[in-house]
Amino acid sequence: MLDRYEPAEFEPKWRKRWQEADLFAARIEEERPKFYVLDFFPYPSGAGLSVGHVRNYTITDVVSRLKRMQGYNVLHPMGFDAFGLPAENAAIKARRHPAAMIDEFAATYRRQMDLVGLSYDWSRSFKSSDPDYYRWTQWIFEVLYRRGLAYRKHADVNWCPKDKTALANEEVVGGLCERCGTPVEKRAIPQWFFKITEYAQRLLDDLDDLDWPEGIKQMQRNWIGRSEGVQFRMRLEWHAGDKTPVGAPAQSEAGDDELRRLEAEVRAEAAPDPAAEEKARQIASKFASASEDVLTGAGMSQALAEFDKWADQFEVKRADAPDTFEVFTTRIDTIFGMTFCVLAPEHPLVETIKRRVDPARRTEIETYQAMARAESDASRQSEDREKTGVFTGAYAVNPATGRTVPAWIADYVLMGYGTGAIMAVPAGDQRDFEFALKFGLPVAPIQEPDDEWLRANATSQSGDLLADYLAEPKNFKGAFVSKDRPLINAKEYTGMAFGEAATALGEWIEACGLGERKVQYRLRDWLISRQRYWGCPIPVVYGQDGEEFLVPEGQLPVELPDVDNYEPSDDGSSPLSRIPEFVNATTPDGRLGRRETDTMGGFACSSWYFLRFIDPRNDQAPWDKRLAAEWMPVDCYVGGAEHAVMHLLYARFWTKVLFDEGLVSVKEPFKTLRNQGQVLGHTPYRRPREGERLDVGEDGILISRDEASTLPTDDVTWKWVRMSKSKGNVVTPDEAVEQFGADALRLFELFIAPYDADVQWDSEGMSGTARFLGRALRFVSEFADGFDRDWRSKIVAKGGGVSGDVRRATHQAILKATEDIDRFAFNTYVSGLMICLNRLMELKRSATGHEDEATAFSEAVECLALLLAPGAPHVADEMWEGLGLEGFTLDARWPVADPELARDDTVTIAVQVNGKLRDTLGMHADADREAMEAAALSSEKIKAQLEGKTVRKVIVVPGKLVNVVAN
RNA sequence: GCCCGGUUGGCGGAAUGGUAGACGCAGCGGACUUAAAAUCCGUUGGCAGCAAUGCCGUGUGGGUUCGAGUCCCACACCGGGCACCA
C-alpha cells in the first residue's frame, strides 16, 4: 500500500481489477431494495468530456456507490443520445458519416468515464442510433399513433434557412434558431405531431408529488400554462364603413358596403352571360332603393333572404361563411368594458370579412396580413414593440350589452392560442389599453382604481383623480388590472368583484348557449418531424391517395439507409426523399406506397431510454414489463437545468402514455430530480474591431488564450462562461487526472461548491484534495501493520481517553458522511472526511499506546476507507487492500454510526449577555439548566458585563448556550 | 413585465433561529533541506490596542425575537427561465 497519493501508481490497477471482476454489473437479488440512479442521456460531442460533465457523473457515482454499499440493488447505466442535429451538423462539418463519428465520440466518452472510475454497468449501454434501439422508438411511435396521439397536419412551422430544417417552438429562442442564431422564417409543410396537449392536465397535476427542484416544477407549470376562463361566441354585424358610431345597438342599419359586395359578387359570377348581367343590375338597383328605407333590423335579413332567392336563379350562391367567432377570456367579469375585439391576422373569419367589406378595406386587410406573415418572429417578439393592426370594417356584438364593437385584426393576438380572437377590454388589460391608445379606440372604465394607483398613474395634477379617470381612462398611464375591486357599469353585476362576477357571467353565458367555461393551456402539441437524415425514421407509409399506414410491427425497424450524401436539400426535404429504394414501399394491403421521409426529433429517442436500460437486449419487446415494474421509477435523476422543460416534459408524457397502455407501472418516470450547477471556464474576450459583428447574446469577440496573451491586458476581458468546445475553455478530465489523479478530481468536483451552484473552475484547488488523499493514505498505511481486523470483538463499548475520542471522531464522521450524501451535500461530505482525518491525526499524536487505542484506530482506518469509497474509490480500495481486507470496498457494508458514541461528552457553552457573546464555558454535555445558568452567572467576564445591571431573564439552551438578559 | 435562484473574509465556501467564517485554496511565519520541491507545524474577517480586550461585520433599509446569515416586509444588484398566451 502506498503511503502517499501517487495516483498513476495505483488508480489504473484498481480500474482494471474492477473491470475484471465485472464489479459494476447491476444485480437483482431478492429481498434487497432497488435503487435506480441515472444521468441525463448525453450526446457525445467531439470535444469529449469536460470537468463540467464529470461533476454531474461524480455526483451520481457517489450516490450509486453509497446505495450499493448500503445493500441496494443498484442500476446505474450509461448510454448515448446519438441521433439528432448536433451529431448530424458535426458530421456535415467534418465531412464524415455520423454513425462512424458518433461511435468514435462515444468511445472517447467511455474512455474518459472509465478514467475517473465511474461505476457504470456498461453491459447495458446502447446508442439511440442503434437499430436495436430505434426499432422500439418506432414501436412506441406506433403505440402513440394507435392511441390517436400522433397525427399529421399541414402547418406553419419555424423554418431555419441555415440549418434547412423545421424547428420545434422550443428550439426557437427569441425568434432566432437556437443553434445557429439565424432568424427563423415560417413555412407550411405537413408535419407529424404528438398530442401532448391531451395530457396537459395530468402533466400539471402530477408535478405536485415529485421530488424535483421547485424552480423546475414551476417552469413546467408555466410552460403548460393552464388558465381558466370562458369561451363564448360573438356575432358579426355589418355597418356602413366607419360612420356608424361604436357602441350602436345591434341590428342597426345595413350599409353601402354590403350592397356593393352583393352587386360585385353577382357580376363576377355571371359576367359571361348578358342576361345575367341585366339581372345583376336589377338586383343592384332594387337594393339601392331599398337601402333608403327598409333595410333596418329585420329588414336586412329579409333582404338578404330575398337576394339568396334571386341569386339561386343565376346559380350564384351567397358566400357560405360563418359570421360568428369565438373568443376566450380569463376575465369574463370585464366583458362590459369591451370596446373592440381583435382577430389574429390568420383567423379564418378574416377571409369572410374581406369578402363583405368594401375593396379599399379589403386591400388594407390583405396588406396587413401579408406583413404579419412576412415578419419574422424575431421582430414580432422584439421588446416594447408598438402595437399594429387594422380595422376590418366589421363589427361584432357584445352579448352582454347588445351593442356593437369594431372588429380589428392585429398580430398581438396569436392564432395559436385560445381561439385566435379576443374581446378587448382596454380599461383592464395593458395590451388592449396600448392598442386603444394607439388607434384612438374608446376605453370604458370597469372598476374604480384605488387612490394609490390613481396617483401613480395620473398624467396631470387634479383635485379629483377618480372623476378624471371615470371621464377618460386614457389620460392615465396604463390599464388598471385588478381582481379585487368591485365592478362598475356592469348592469346587475355592478358591485361584484372578479370571483363572484366571473361565476355569475359564466353561468349566464352557458345558460344562453353562447359559450362555456373552459380551461385553456398554453402548451402546444409536440412537433416531431425533422427533415433530416440523422434521426429515427418515422414508421409510416403513404398510399396513393395519401392514406397513412403504420409499418407492421414485424417489419420494424425501418432502417436508416446508408447514404453518401446526408445533407438536407435546399428545398428542405429530407435526404431520405432522394433515395428511391427507401421511399418506394409497399402498403400493408400490398399496393405501391411512398415512405415517410421525415425523421423524429431527438427528444423522441430520449423520452424512453431510461426504460430500455432496464432490459437493453430484449428483442421481443422494448422491455420486460416485470423488470420495468421492478426498477421503475428512476430514484435519482441528475442533469443540467437546461432540459428543465423539453426533455423532462416529453419523457413524462411518454411515460404516461405507456402507463395507459399498460406497459409501465408508474405514472412518472423520475421520482427525484436534481440539477447540478454549471462549471464555468475562464474565457478571454476582446472588444469588436471596426466592421466586426457580435454574435447573438455576446458583447465581445471570443478569442483564444494564446491570442489573449499577445494582447495588452486592457484589451482583454475575462469572463466566466460555461465550458464548451466552441468557447475554447474546456478543461478535460484527462489533464486533471494526469496532473492530480482521478480521486483528487472526483473529490474536488464534490468539494468545490454545493452541487447545484455554478462554479468557476480553478484547477489549483485540486491540490487540496490531492494533499488530503495523500495524508489519508499515509495515516492508514501507518496503521496497516498494527491493524486488527477483529477489532469488532475487542472494542470497548464506550471508552474514555484517546480511544474514546477516536471512536467519537469515527462515528461522527460516519453520521455526517451518511447524512450529507443523502441530502446531496457532497461538499460537506468531503469536508467532513477532512475534519475526521485532521482529528484522527491529532489524536494519533497524543496516543499513549494503550491497547484500546489500537482497536479504536483499527475501527477508524477501516471506516475511513469505507467512508472515502463513494468519493475516492481508488484510494479506498488501495487502503482496503493495504489493511489486508479482501474484495472491494464497493462490496463491503457501509458503516452504521452509533449515535451514542458520536455524542460529545463535553461541549462549549456560549454565554451571551443581551444576545452578545461574552464568554464561552466548557461543560459536560449533560449539564442541566440550573448548572449552566449557575456557571454562566459565576463567570468573571459575565459578572463584569452585568455590573450595574439587573438580570431580568436567563435563557438556557441545554448543550448550547446561556443568554442573560439584563438592563 | 412575470416566475425562479443568488448576494457571507483575498478566493471557493460552512453554519436544524443559538459561539458567523467549518473545510479548503491563496498568503504570511517557522521546521526539515547545502538549496529547491515535497512534507510538517503555526497563523490569517476589519478597525483600535504592546496586550488583556473592545468595537464593527453575512448586498441595503425596516420589522419579529432573549437572540437573525437564517423568519417577515420593502429595495438594490447579479444569474437563469418565460415573455403580446387574452
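A note on names: the letters A, B, ... follow the listed sequences, proteins ahead of strands, and every chain is numbered from 1.
Within 4.0 Å of A/Thr329, counting heavy atoms only, lie sugar-phosphate atoms of the nucleic acid but no base atom. Using a 4.0 Å heavy-atom cutoff across all strands shown, A/Ile752 reaches sugar-phosphate atoms only and no base atom. At the heavy-atom level, A/Ile955 lies under 4.0 Å from base atoms of the strands shown. Across all strands, A/Arg775 comes closer than 4.0 Å only to sugar-phosphate atoms, never to a base (heavy-atom distances). Among the protein residues, A/Pro754 comes within range of the sugar-phosphate backbone only, with heavy atoms under 4.0 Å from sugar or phosphate atoms but none that close to a base. Within the nucleic acid shown, A/Arg771 comes within 4.0 Å of sugar-phosphate atoms alone, with no base atom in reach, counting heavy atoms only. Using a 4.0 Å heavy-atom distance criterion, A/Thr828 is classed as a sugar-phosphate-only contact. Using a 4.0 Å heavy-atom cutoff across all strands shown, A/Arg778 reaches sugar-phosphate atoms only and no base atom. Residue A/Val965 is in sugar-phosphate contact alone, with no base atom involved, counting any heavy-atom pair closer than 4.0 Å across all strands shown. Residue contacts for A/Arg226: at a heavy-atom cut-off of 4.0 Å it reaches no nucleic acid atom on any strand shown.
A close approach under 4.0 Å does occur between a side-chain nitrogen or oxygen of A/Asn838 and OP1 or OP2 of B/G24. One finds a side-chain N or O of A/Ser227 lying less than 4.0 angstrom from the OP1 or OP2 phosphate oxygen of B/A86. Side-chain N/O atoms of A/Lys941 include one lying less than 4.0 angstrom from OP1 or OP2 on B/U53. For B/G18, neither phosphate oxygen OP1 nor OP2 lies less than 4.0 angstrom from any side-chain nitrogen or oxygen of A/Lys916. The side chain of A/Asn827 contributes an N or O atom lying less than 4.0 Å from OP1 or OP2 of B/A14. A/Arg918 has no side-chain polar atom (N or O) that falls below the 4.0 Å cut-off from OP1 or OP2 of B/U53. The shortest distance between the side-chain N/O atoms of A/Arg522 and the OP1/OP2 oxygens of B/C3 is not below 4.0 Å.
Using the Watson-Crick or G-U wobble rule with both distances under 3.5 Å, B/G18 pairs with B/C66. B/A48: Watson-Crick or G-U partner is B/U53, with both key distances under 3.5 Å. In this entry B/G24 has B/C11 as its Watson-Crick or G-U wobble partner, both defining distances falling under 3.5 Å. Pair check for B/U39 finds B/A31; Watson-Crick or G-U wobble, both atom distances under 3.5 Å. The partner of B/G5 is B/C78, by the rule that a Watson-Crick or G-U pair needs both atom distances under 3.5 Å.
Comparing the C1' positions of B/G45 and B/C77 gives a spacing of 23 Å, expressed to the nearest Å. The separation of B/G61 from B/G81, taken at their P atoms, amounts to 32 Å, rounded to a whole angstrom. Nucleotides B/C11 and B/A22 place their P atoms 14 Å apart, quoted to the nearest Å. To the nearest whole angstrom, the two C1' atoms, one in B/U60 and one in B/G6, are 16 Å apart. Annotation: B/C75 and B/C82 have their P atoms spaced 25 Å apart (nearest Å). Distance noted for atom P between B/C2 and B/U65: 32 Å (whole Å). Going from the P atom of B/U43 to that of B/G57 covers 27 Å, rounded to whole Å. The gap from the P atom of B/U53 to that of B/A15 amounts to 29 Å, rounded to the nearest Å.
The local environment of CD in A/Glu738 is sparse, with at most 12 non-hydrogen atoms from other residues, nucleotides or ligands closer than 6.0 Å.
When only modelled atom types and interatomic distance are considered, A/Gln201 and A/Arg226 share a side-chain donor-acceptor pair under 3.5 Å. Checking A/Thr197 against A/Tyr521 by side-chain atom types alone, no donor-acceptor pair falls below 3.5 Å. In summary, the side chains of A/Asn729 and A/Thr683 do present a donor paired with an acceptor at a separation below 3.5 Å, with no hydrogens or angles considered.
For the pair A/Gly225 and A/Gln912, nearest-nucleotide mapping onto RNA chain B gives the more 5' position to A/Gln912. Residues A/Thr330 and A/Gly765 both approach RNA chain B. Their nearest nucleotides, taken by heavy-atom distance, put A/Gly765 toward the 5′ side.
When distances are taken from the side chain of A/Leu917 to each of B/A20, B/C66, B/A86, the shortest belongs to B/A20. Relative to the side chain of A/Met219, the nucleotides B/G81, B/A20, B/C23 differ in distance, and B/G81 lies closest. The side chain of A/Ser831 lies closest to B/C23, out of B/A14, B/C23, B/U19. Side chain of A/Ser767, nearest nucleotide from B/C66, B/A86, B/C25: B/C25. Set against B/C23, B/U19, B/G13, the side chain of A/Thr908 has B/U19 as its closest nucleotide. Of the candidate nucleotides B/C3, B/A86, B/G24, B/A86 has the atom lying nearest to any side-chain atom of A/Phe328. Listed nucleotides: B/C41, B/C23, B/U39. Nearest to the side chain of A/Met841: B/C41. Distances from the side chain of A/Arg823 to the nucleotides B/A86, B/A15, B/G18 place B/A15 closest.
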With a 3.5 Å cut-off and sequence neighbours excluded, list the donor-acceptor pairs that the side chains of residues 753-761 of chain A form with protein atoms.
| residue | atom | partner | partner atom | Å |
| --- | --- | --- | --- | --- |
| A/Asp758 | OD1 | A/Gln678 | N | 2.8 |
| A/Gln760 | OE1 | A/Trp720 | NE1 | 3.2 |
| A/Trp761 | NE1 | A/Ser763 | OG | 2.9 |

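Here the closest heavy-atom approach between residue A/Ala776 and residue A/Leu868 is recorded as CB-CD1, 4.4 Å.
At whole-Å resolution of the value, CG in A/Leu750 and P in B/G12 are 19 Å apart. Taking atom CZ of residue A/Arg524 and atom C1' of nucleotide B/A83, one finds them 12 Å apart after rounding to whole Å. Between A/Gln430 atom CD and B/C84 atom P there is a gap of 14 Å when expressed in whole angstrom units. The distance from atom CG of A/Leu343 to atom C1' of B/A86 is 13 Å, rounded to the nearest whole Å. Spacing between atom CG of A/Leu837 and atom C1' of B/G24 amounts to 13 Å, rounded to whole angstrom units. Rounded to whole Å, atom P of B/A83 lies 11 Å from atom CG of A/Leu414. Remark: P of B/G5 and CH2 of A/Trp212 are 17 Å apart, rounded to the nearest angstrom. Between A/Met415 atom CE and B/A86 atom C1' the separation is 13 Å, expressed in whole Å.
The aromatic rings of A/Phe435 and A/Phe439 lie tilted to each other, with the angle between the two planes from 30° to 60°.
With A/Arg522 contributing its side chain and A/Trp223 its backbone, the two residues share no donor-acceptor pair below 3.5 Å.
Considering A/Leu946, A/Val965, A/Val913 as possible partners of A/Val951, the one that fulfils the side-chain contact (heavy atoms from CB on, under 4.5 Å) test is A/Leu946.
Once rounded to the nearest 0.5 Å, the distance linking CZ of A/Phe603 with NE2 of A/His647 reads 8.5 Å.
In this structure, B/G9 is classed as syn because its glycosidic torsion stays within 90° of zero.
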